[in-house]
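This one's a predicted model, so the numbers in the text were calculated from it and none came from an experiment.
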Amino acid sequence: MITNIILVMLLTFASTTTEPIIPQPTSAGIDGEWRLLHENIGISPMHMQLLHNDKVVMFDRTDAGPSNISLPFHRCRHDPFDYMLPKDCTAHSILYDIWDNTFRPLSLRTDTWCSSGAVLADGTLVQTGGYNDGDHNVRTLVPCDDGTCDWVESTGYLTEPRWFSTNQLLPDGRVIIVGGRLQFSYEFYPTGSISFYNSSSFLVDFLKNTSDGVRENNFYPFVHLLPDGNLFMFVNVRSVVIDYKQNKVVKHLPPIPGDDPRNYPNSGSSVLLPLDENTLVEPEVMVCGGAPRHAFLDIKRDHIFARAVPTCGRIKPMDENPSWEMESMPIARVMGDMVILPNGDVIIINGAESGTAGWNNARDPVTRPVIYHPNGPPNTRFSVMQPGSRPRLYNSGAILVTDGRVLVSGSNPNPFYNFSNVEYPTELSLEAFLPPYLARENDAIRPEIVSLDGEVMEYKKPLIVTFTVLKYLKLSRVTVRIIAPSFTTHSLGMNQRMVVLKEVGNVSFVNGSFMQTYYNIEVVGPSTAEIAPPGYYLFYVIHAGIPSPGMWVKLQ
């Protein structure tokens, strides 16, 4: 009995791990490298968010049956509305430490299946909606380092049920919650007294008019905050610019060529490409992958798995006459995750070469990531990386972490946790992909940040960055960038954002010795909250295309 009590206390107050932690060098190969971090983290995450204390919140859903990790102190969730387990003593969320490679269980009360999230300016993770008795709820998690923080749930906070909706952080620090299944509207968190914010939701005809009926290719709209304060919104094959304050569409953009839907269940992905304040800021949105319009019904009616869409499109929504620039990926892909890397490249990872999202709806897993170089010449922008060993299909995800690795987890293409007698079993492992910039060959030109002017960055205020690098290449440009980490689920990285900070002058030599040389570069904080909303960002120095390890800064 005493032994059991001690065991429970250890599981509660210390992080858990399923295997010994073996320190490994961080170098990768020239075409990247995969590392297995854990064979079993207890859950199959479909949602992930990196927090500013270098912990990653991961969670799945509560109605898929028992997970492989127990709640501490023999606690159980009692939910009479749960279709699977009214009493569930297992966890469906964990908090993972990227440096210690450990994790501990978190508790959820209601169903978070296919929900959304964003991080507020103070670092609090806000998670909205879900399924069944969780669809009107908001859950928050305040980062901590003492092992005590957990989810806090506000029941019935949302005006409408938000299942498959999208969150976008706004310049004033609030979150707009857009769409959801059969919800052609948006609302805000938190509600407030400003005239255009209240407890009501706001109907958007554009969302309703882009629905395909039973296929409903308007789940998880692609939403990006533009530098003029308006929102870019892409649904199905169409996109608009919307003034959310006035609830009106201010610009209709041309449909993406091909008539292939890109939103769930056809599940392409989208990013806002890096915003560079050293030039005239021209926001550009990229949409990649998806499935043919008939793909979902072909699977249901005839068990035919259509080939995924091989194209990407780029558009500048603030241009006077915007148009799509199309190019083909090396590998057709549905359910791919697009992650902005510290050097400004975009990795496309996970997914399948045929089928759609949904249970057992995909075949031909794509295990090779590709890296897209936005500033390269057309038709030369893709590089194919090393393949992984594990299929990452429906309900998988990928996020950037501080040192430049990409964490990859999840894949539950079955209705419940299923590890046998299925073509693609539920995946409980956690991996990291190391992009080529982490290759040992780049160690000599990899910068390292020595100091910043504090850990707070202010709008339009100068900031001096001191860095060191073993071999400084004088003809190579040094840039400073900040990245807002994404809330990732269902092939969509919500709130993902990179800003290249404006440089005040050239790199200057500070001092040095035989062992180490120091340099300064002076930059300016983002010009507006529309360029970069307030909050925590990862801060990187890039030298010769190679990023430093990241540091956290708070923009305010």
Engineer: Taking C-beta and beyond as the side chain, do L50 and L407 meet within less than 4.5 Å on heavy atoms?
Structural biologist: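 Of all side-chain heavy-atom pairs linking L407 with L50, none is under 4.5 Å.
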Engineer: Kindly say whether P436 contributes a backbone atom to a donor-acceptor pair with the side chain of N442 at under 3.5 angstrom?
Structural biologist: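 Yes: the side chain of N442 pairs with the backbone of P436.
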Engineer: Distance only, no hydrogens: is a donor on one side chain within 3.5 Å (strictly under) of an acceptor on the other, for T128 and N167?
Structural biologist: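 Judged by distance alone, the side chains do pair up.
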Engineer: Between S486 and N495, is there a side-chain donor-acceptor contact under 3.5 Å, judged purely by atom types and distance?
Structural biologist: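 No - no donor-acceptor pair under 3.5 Å links their side chains.
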Engineer: Using a distance-only test with no angle check, is there a side-chain donor-acceptor pair under 3.5 angstrom linking S116 and T166?
Structural biologist: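 On atom types as modelled, these side chains do not qualify, holding no pair under 3.5 Å.
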Engineer: Going by distance alone, is a donor N or O of one side chain under 3.5 Å from an acceptor N or O of the other, for Y264 and N218?
Structural biologist: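 No, because no side-chain N or O of Y264 sits under 3.5 Å from a partner of the opposite role on N218.
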Engineer: Just checking, any donor-acceptor pair under 3.5 angstrom between side chains of N236 and R293?
Structural biologist: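 Side-chain D/A pair, N236 to R293: present.
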Engineer: Taking atom CD of E455 as the centre, does the number of heavy atoms from other residues, nucleotides or ligands within less than 6.0 Å exceed 12?
Structural biologist: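 Counting other residues, nucleotides and ligands, CD of E455 stays at 12 neighbours or fewer.
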Engineer: Kindly say whether the aromatic ring centers of Y537 and H52 come within a distance under 6.0 Å.
Structural biologist: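 When the ring centroids of Y537 and H52 are compared, they turn out to be at least 6.0 Å apart.
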Engineer: What pairs of donor and acceptor atoms, side-chain ones from residues 527-536 against any protein atom, are under 3.5 angstrom apart with sequence neighbours left out?
Structural biologist:
| from | atom 1 | to | atom 2 | distance (Å) |
| --- | --- | --- | --- | --- |
| S527 | OG | E277 | OE1 | 2.8 |
| T528 | OG1 | E530 | N | 3.3 |
| T528 | OG1 | I531 | N | 3.0 |

Engineer: Does the side chain of R363 come within less than 4.5 Å of Y424's, by heavy atoms?
Structural biologist: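 Yes, side chains in contact.
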Engineer: Side chains of I340 and R497: does their closest heavy-atom pair fall under 4.5 Å?
Structural biologist: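 Sidechains of R497 and I340: no contact.
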Engineer: Do Y244 and Y186 have their ring centres less than 6.0 Å from each other?
Structural biologist: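 Ring centroids of Y244 and Y186 are no less than 6.0 Å from each other.
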Engineer: Is the side chain of H543 donor-acceptor paired with the backbone N or O of L473 at a distance under 3.5 Å, no angle test?
Structural biologist: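 Looks like yes, one N/O pair under 3.5 Å.
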Engineer: Is the distance between the ring centroids of F206 and H252 less than 6.0 Å?
Structural biologist: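 No, the ring centres sit 6.0 Å or more apart.
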Engineer: May I ask you to test the M494-Q168 pair for a side-chain heavy-atom distance under 4.5 Å?
Structural biologist: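 No, too far: nothing below the 4.5 Å cut-off.
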Engineer: Hey, are the side chains of P485 and L538 touching, using non-hydrogen atoms and a 4.5 Å cut-off?
Structural biologist: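 Yes - at least one pair of side-chain heavy atoms lies under 4.5 Å apart.
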Engineer: Answer yes or no: is there a side-chain heavy-atom contact under 4.5 Å between M338 and M286?
Structural biologist: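 Yes, close enough: below the 4.5 Å cut-off.
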Engineer: Determine whether the side chains of R481 and Y540 contain a donor N or O and an acceptor N or O closer than 3.5 Å.
Structural biologist: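 The criterion, which ignores hydrogens and geometry beyond distance, is not satisfied for Y540 and R481.
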